[in-house]
Amino acid sequence: MCGRFALTATAEELIELFGLLEAEDFPARYNIAPTQPIIVVTASDRAKPGSNLPERKAMLVRWGFTPGWAQDPRKFPLLINARSESAVGKAAFRAAMRHRRILVPASGFYEWHRPAKGSGEASQAYWVRPKRGGIVAFAGLMETWSSADGSEVDTAAVLTTGANRAVRHIHDRMPVVILPEDFARWLDCKTQEPREIADLMRPAPDDYFEAIAVSDRVNKVANTGPEIQEEVVPAKSPETVGRKRAEDRNGDDRQMSLF
């Protein structure tokens with residue numbers, strides 16, 4: 001799943017990559033959490049024939065999807081992710097999969113390796129980013145929830161898929177990544193049915209991401225500085241440390257016996 005991510009790109013970089021007419025300036029964000037506002041890219045109204053205006057726009061939405069039919073968002077589960085394999089068949093996401101597909105710009109995401117209970121191994125956070133840097137576009141879904149008094153809230157979820165080789169040792173799920181050459185297909189909800197873009201909802205290539213162990217400072221939403229992305233030595237369980245020491249001792253003994 002994807003429970004935290006970062007976006008440290010500039011507005012100019014977003015405009016260039018996504019072909020936007022404009023994007024407001026915003027500060028670098030190193031620890032974006034559920035319920036916070038996030039930037040998403042949507043297909044805008046089609047321009048008149050012959051117009052060279054961009055057909056995409058950026059907007060702010062709440063990270064935490066609320067279906068339009070939900071009566072009270074406070075009593076509805078917080079849907080920050082949606083499984084790409086089954087979203088079109090779920091009541092909460094069916095309409096959005098057909099009519100409101102979006103892109104979620106990010107610089108990378110955080111994931112946690114959580115060992116089995118009783119293993120004695122500590123949890124470890126990882127910062128997962130594109131090897132070549134730059135912006136990654138997650139596949140997302142958007143819905144506008146309207147209250148009885150007429151007020152509206154735009155909400156979104158990130159689609160996930162099975163993890164690729166770079167992430168599998170940490171978690172079995174990862175965000176769906178849409179490559180630039182597929183932006184138009186993914187956002188085209190007028191002519192592209194969910195079955196026609198199903199091939200885009202696949203794991204990123206194995207060499208796309210790199211995973212960097214980071215400290216547990218990322219666990220706290222209040223920690224928002226770049227230091228949470230600093231690399232650390234991955235945590236090891238007492239059992240792992242003990243085995244390593246034993247192996248080292250055995251290796252030393254074997255080497256000494258040769259002379």
Side-chain angles (χ1 to χ4, degrees), residues 2 5-7 9-24 26 32 37-68 79-90 92-109 130 134-145 152-161 174-205 208:
C2 174
F5 68 97
L7 178 60
T10 65
E12 289 74 20
E13 289 171 325
L14 288 186
I15 291 171
E16 181 179 359
L17 177 62
F18 294 100
L20 305 172
L21 178 62
E22 60 181 1
E24 295 184 6
F26 49 85
I32 300 172
I38 61 173
I39 295 173
V40 303
V41 174
T42 70
S44 60
D45 296 331
R46 289 192 178 276
K48 295 180 180 179
S51 171
N52 60 357
L53 291 177
E55 295 184 355
R56 299 172 194 152
K57 63 180 180 180
M59 59 186 296
L60 284 176
V61 305
R62 173 184 179 268
W63 187 17
F65 189 95
T66 303
L79 303 176
I80 62 171
N81 296 145
R83 294 179 70 92
S84 60
E85 301 91 338
S86 58
V88 73
K90 299 291 185 180
F93 303 116
R94 187 181 300 121
M97 274 293 295
R98 292 183 180 276
H99 306 296
R100 288 173 290 279
R101 298 191 296 268
I102 60 173
L103 297 169
V104 181
S107 300
F109 66 99
I135 305 169
V136 57
F138 298 150
L141 302 175
M142 179 177 141
E143 189 64 87
T144 300
W145 182 83
E152 296 183 339
V153 180
D154 295 319
T155 69
V158 173
L159 284 161
T160 66
T161 186
M174 67 183 298
V176 172
V177 173
I178 304 296
L179 300 177
E181 57 266 32
D182 296 318
F183 287 174
R185 281 183 61 204
W186 177 256
L187 293 176
D188 183 3
C189 297
K190 295 183 181 296
T191 67
Q192 298 291 303
E193 293 286 333
R195 66 177 179 274
E196 296 170 315
I197 48 84
D199 62 299
L200 301 181
M201 294 184 287
R202 60 183 184 269
Y208 187 88

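Along the sequence shown, the residues carry numbers beginning at 1. The structure displayed is predicted, hence computed values, not measured ones.
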How long is the gap from [atom1] on [X] to [atom2] on [Y], to the nearest 0.5 Å?
| X | Y | atom1 | atom2 | answer |
| --- | --- | --- | --- | --- |
| L103 | I178 | CG | CD1 | 6.5 Å |
| W145 | R62 | CH2 | CZ | 10.0 Å |
| L159 | M174 | CG | CE | 13.0 Å |
| C189 | R101 | SG | CZ | 4.0 Å |
| F109 | T160 | CZ | OG1 | 10.5 Å |
| M97 | L141 | CE | CG | 6.0 Å |

I need the minimum non-hydrogen distance between [X] and [Y], along with the two atoms involved.
| X | Y | result |
| --- | --- | --- |
| D199 | R185 | OD1-NH2, 2.8 Å |
| F93 | A87 | CB-O, 3.5 Å |
| A9 | S107 | N-OG, 3.8 Å |
| A106 | F138 | CB-CE1, 3.6 Å |
| I38 | A156 | CD1-CB, 4.5 Å |
| P105 | I39 | CD-O, 3.1 Å |

May I ask you to check whether over 12 heavy atoms, not counting those of E196, lie within 6.0 Å of atom CD? yes
Output, in order, the C-alpha distance, side-chain angles, deciding distance and verdict of side-chain contact (heavy atoms from CB on, under 4.5 Å) for L7 and I32. CA-CA 8 Å; L7 178 60; I32 300 172; 4.1 Å; yes
Kindly indicate, with the supporting measurements, whether the criterion side-chain contact (heavy atoms from CB on, under 4.5 Å) is fulfilled by T144 and V153. CA-CA 6 Å; T144 300; V153 180; over 6 Å; no
Evaluate the ring planes of W63 and F5, with Trp represented by its six-membered ring, and classify them as parallel (under 30°), tilted (30 to 60°) or perpendicular (over 60°). perpendicular
State, yes or no, whether a side-chain contact exists between [X] and [Y] at a heavy-atom distance under 4.5 Å.
| X | Y | value |
| --- | --- | --- |
| M142 | T155 | no |
| L14 | F26 | yes |
| K57 | E22 | no |

Going through the checks in order, is the side-chain contact (heavy atoms from CB on, under 4.5 Å) test met by W186 and V41? CA-CA 11 Å; W186 177 256; V41 174; over 6 Å; no
Would R56 and F183 count as a side-chain contact (heavy atoms from CB on, under 4.5 Å) if you check the C-alpha gap in whole Å, the side-chain angles of each, and the deciding distance to 0.1 Å? CA-CA 10 Å; R56 299 172 194 152; F183 287 174; 3.7 Å; yes
If only atom types and distance count, is the side chain of [X] paired as donor or acceptor with the main-chain N or O of [Y] below 3.5 Å?
| X | Y | result |
| --- | --- | --- |
| N81 | C2 | yes |
| D188 | T191 | yes |
| R98 | A95 | no |

I'd like to know if R100 pairs up with D154 as an ion pair, taking the criterion as any Lys NZ or Arg NE/NH1/NH2 lying under 4.0 Å from an Asp or Glu carboxylate oxygen. no
Salt bridge (charged side-chain N to carboxylate O under 4.0 Å, His left out) involving E13 - partner list, sequence neighbours excluded: none
